[in-house]
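A short worksheet on the structure shown next.
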Amino acid sequence: MDLEKHLTDLDQDGFTVIPDALSQQEVSVTLQAVKDLLEEEREVALGTGTQSDNLLTSHTITGKHPVFYEFFLNPPTMNVVRKMIGDDALLYDANIRIPMPTGAANPRQGFQLHVDREDYTVVPFVGGKHFPMAMNVTWCLVDFTINNGATLLWPGSHNSCIVPEPESRPPGYICAEAPAGSAVIWDAAIWHASGINCSDSPRYAVLAYYIRYWMRGKTDSLRFIPPDVRPILSEEAKHLLGFRPAPPDYSDVKALSPERLASLSVQEKKVLGFAVY
Ligand SMILES: O=C(O)CCC(=O)C(=O)O
């Protein structure tokens with residue numbers, strides 16, 4: 001993969017597309033998992049508005065189905081995400097989002113123009129210079145086309161440091177058309193909107209949101225992983241979700257070597273101020 005090109009795209013345009021981030025085998029396994037999970041949640045989700053005629057969603061899916069336990073470590077994607085927001089990037093949230101072939105949209109459910117997590121991706125930088133805080137990734141499980149509701153993106157808008165007016169549709173957008181298996185990565189600060197699906201089949205996709213390690217955000221992914229799933233996760237997946245030692249960065253702690261840090265007793269951690277009760 002041309003890593004430099006992806007980084008330049010993200011820097012200048014605010015998005016990039018990695019073709020074949022998933023093999024066709026991975027696409028079909030993931031698609032089946034998506035369908036199974038939606039079916040499992042259907043009855044309740046219809047009541048909560050999480051599934052409707054126009055849109056099927058499922059939230060915080062990492063711990064909900066074995067296929068997703070390690071999915072979000074997808075190597076081609078993580079190569080880019082880690083370069084953009086740090087090797088210690090966290091998986092903040094992950095979901096399924098499927099605009100259905102009704103040719104219609106639900107209000108306030110991502111079809112309108114927006115940025116993501118503006119409290120920390122845009123608002124702190126208004127009137128100043130953009131700094132990438134979070135990356136969104138969409139894995140296309142079918143070909144994304146203008147007709148089936150591929151995501152609309154406004155290239156360069158991440159540098160405006162402005163939260164757009166949701167009901168507006170300014171000129172200058174592109175449609176992120178991409179073949180099944182692609183990962184579309186965008187800076188969470190880019191202006192974007194979901195397209196409307198005017199085709200005759202669902203637009204299947206899995207989405208993830210990665211953030212800088214030192215941000216907390218408003219989704220507590222750690223607590224959303226069911227206790228019986230935690231022991232099954234690989235060390236890398238646990239790390240991605242934030243199951244990792246989190247020593248504070250004041251000088252007493254920074255003065256310790258990694259080995260000394262790793263060997264601290266609870267009493268010592270208590271004195272240093274980061275024992276977990
Ligand atoms: O599904 C899409 O095309 C867009 C999703 C979106 O806007 C979001 O997750 O913020």
Side-chain angles (χ1 to χ4, degrees), residues 10 14-18 21 30-31 34 37-38 49-62 68 71-72 77 81 91-123 132-155 157-158 163-170 173-199 201-211 217-219 221:
L10 276 161
F15 75 99
T16 194
V17 179
I18 307 179
T30 311
L31 194 51
V34 163
L37 188 48
L38 289 170
T50 311
Q51 293 190 28
S52 69
D53 289 348
N54 295 328
L55 185 66
L56 306 183
T57 48
S58 178
H59 299 288
T60 54
I61 61 173
T62 317
F68 298 120
F71 180 91
F72 300 102
T77 301
V81 167
L91 178 65
Y92 170 76
D93 197 4
N95 61 46
I96 291 166
R97 194 166 185 288
I98 305 169
M100 295 298 279
T102 55
N106 292 350
R108 300 174 60 82
Q109 276 192 313
F111 293 98
Q112 78 285 13
L113 179 59
H114 65 286
V115 296
D116 284 316
R117 335 286 165 199
E118 67 245 38
D119 290 347
Y120 51 85
T121 59
V122 176
V123 172
M133 300 288 270
M135 295 287 131
N136 290 9
V137 182
T138 294
W139 286 271
C140 310
L141 300 180
V142 292
D143 293 347
F144 267 40
T145 66
I146 293 183
N147 201 31
N148 74 1
T151 315
L152 308 180
L153 299 166
W154 276 254
S157 56
H158 60 306
V163 178
E165 172 54 45
E167 299 313 324
S168 67
R169 184 100 345 163
Y173 61 87
I174 62 102
C175 190
E177 292 192 293
S182 305
V184 185
I185 307 183
W186 67 81
D187 187 310
I190 195 174
W191 297 7
H192 62 281
S194 172
I196 311 290
N197 189 345
C198 298
S199 74
S201 51
R203 192 220 67 178
Y204 287 100
V206 166
L207 290 81
Y209 308 92
Y210 299 88
I211 58 174
K218 293 177 184 167
T219 299
S221 324

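Since this is a predicted model, take the numbers as computed values, not measurements. Throughout, residue positions are numbered sequentially from 1 according to the sequence presented. Remember, it's 1-based here, ligands and their atoms both numbered in the order they're listed.
Of all the heavy atoms of Gln109, none lies under 4.0 Å from any atom of ligand 1, so neither backbone nor side chain is involved. The residue Thr138 has no part lying near ligand 1, judged by heavy-atom distances below 4.0 Å.
Here the closest non-hydrogen pair linking Thr57 and Gln51 is O-CG, 4.0 Å.
Of the listed residues (Tyr210, Tyr92, Trp139), just one forms a ring-ring contact (aromatic ring centres under 6.0 Å, His included) with Phe72, and that residue is Trp139.
Between Glu177 atom CD and Asn147 atom CG the span is 9.5 Å, to the nearest 0.5 Å. For the atom pair Ser58 OG and Phe68 CZ, the distance stands at 8.0 Å (nearest 0.5 Å).
Using a 4.0 Å cut-off to heavy atoms of His192, the atoms of ligand 1 that qualify are 6 (C), 7 (O), 8 (C), 10 (O). The contact set between ligand 1 and Asp116, taken as ligand atoms under 4.0 Å from a residue heavy atom, comprises 8 (C), 10 (O). Ligand 1 places these atoms under 4.0 Å from at least one heavy atom of Tyr209: 8 (C), 9 (O). Listed by atom number, the atoms of ligand 1 under 4.0 Å from Leu207 heavy atoms are 5 (C), 9 (O).
A cation-pi arrangement is present between Arg97 and Phe111 under the rule of less than 6.0 angstrom and at most 45 degrees off the ring axis.
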